[in-house]
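As structure tokens, the structure follows; a few thoughts come after it.
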Amino acid sequence: MFEILTFRLASGVDAQTFRALDERIQVEFAYQQPGIIRRTLGRHDDGRWLAFTIWADPESASAAQQAFDESDLGREFAAVATDVAVERFRGAD
């Protein structure tokens with residue numbers, strides 16, 4: 001299961017500040033979730049950001065999203081990110 005999260009930084013949030021938050025998200029939350037295989041972050045020249053995560057199964061991805069949305073780190077992310085969109089894709093069979 002591939003998960004693509006895209007977003008932009010809110011006005012006034014600089015990349016360095018966000019990268020520090022994302023490091024916390026990665027270490028303190030993402031890699032603590034059952035079913036996570038890999039997560040990485042990317043940035044487009046037009047200001048969009050991408051968090052790409054590979055999950056073992058859709059259930060793990062859904063459970064992690066719910067836990068993140070209810071967490072302090074999730075609330076911190078919501079305060080610095082705009083235009084957030086999540087897409088999930090199955091692996092090609």
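Under the 30°/60° scheme for interplanar angles, the aromatic rings of Phe52 and Phe2 are found to lie parallel. Between Phe7 and Phe77, the two ring planes are perpendicular [angle over 60°; tilted spans 30° to 60°].
Closest non-hydrogen pair, Phe29 versus Ala64, comes out as CZ-O, 3.4 Å.
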- prompt: Given the rule in the side chain to side chain contact (heavy atoms under 4.5 Å, CB included) test, do Met1 and Arg88 qualify, once you have shown the distances and angles that lead to the verdict?
  reply: CA-CA 7 Å; Met1 161 79 34; Arg88 293 195 179 127; 3.5 Å; yes
- prompt: Where do Thr53 and Ile37 land on the side chain to side chain contact (heavy atoms under 4.5 Å, CB included) test, with the steps shown first?
  reply: CA-CA 8 Å; Thr53 308; Ile37 296 171; over 6 Å; no
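Around the CG atom of Asp46, the shell of radius 6.0 Å holds more than 12 heavy atoms that belong to other residues, nucleotides or ligands. In Arg75, the CZ atom is crowded: over 12 heavy atoms of neighbouring residues, nucleotides or ligands sit closer than 6.0 Å. Around the CD atom of Gln16, the shell of radius 6.0 Å holds no more than 12 heavy atoms that belong to other residues, nucleotides or ligands.
One finds a salt bridge joining Glu76 and Arg24 here, because a Lys/Arg side-chain nitrogen approaches an Asp/Glu carboxylate oxygen to under 4.0 Å.
A 4.5 Å side-chain heavy-atom check between Phe89 and Glu87 finds at least one atom pair inside the cut-off. Counting heavy atoms from C-beta outward, Leu9 and Trp49 have side chains that approach closer than 4.5 Å. Using a 4.5 Å heavy-atom threshold, the side chains of Ile36 and Ile54 count as separate. Between Arg8 and Val84, the closest side-chain pair of non-hydrogen atoms is not below 4.5 Å.
The structure places CD of Gln26 at 11.5 Å from CG of Leu21, a figure rounded to the nearest 0.5 Å. Between the CZ atom of Arg38 and the OH atom of Tyr31 there is a distance of 5.0 Å, given to the nearest 0.5 Å. Going from atom OG1 of Thr40 over to atom CG of Asp22 covers 9.0 Å, rounded to the nearest 0.5 Å. The NE2 atom of His44 sits 10.5 Å away from the CG atom of Leu50 when rounded to the nearest 0.5 Å. Taking OG from Ser60 and CD from Glu3, the interatomic distance works out to 11.0 Å, rounded to the nearest 0.5 Å. In this structure, CD1 in Ile25 is found 11.5 Å from CZ in Arg19, a value given to the nearest 0.5 Å.
Checking Gln33 against Arg39 by side-chain atom types alone, no donor-acceptor pair falls below 3.5 Å.
Side-chain atoms of Thr17 never come within 3.5 Å of backbone atoms of Val13 as a donor-acceptor pair (strictly under, hydrogens ignored).
No continuous path of hydrophobic side-chain contacts links Val86 to Trp55 [ILVMFWY only; heavy atoms under 4.5 Å].
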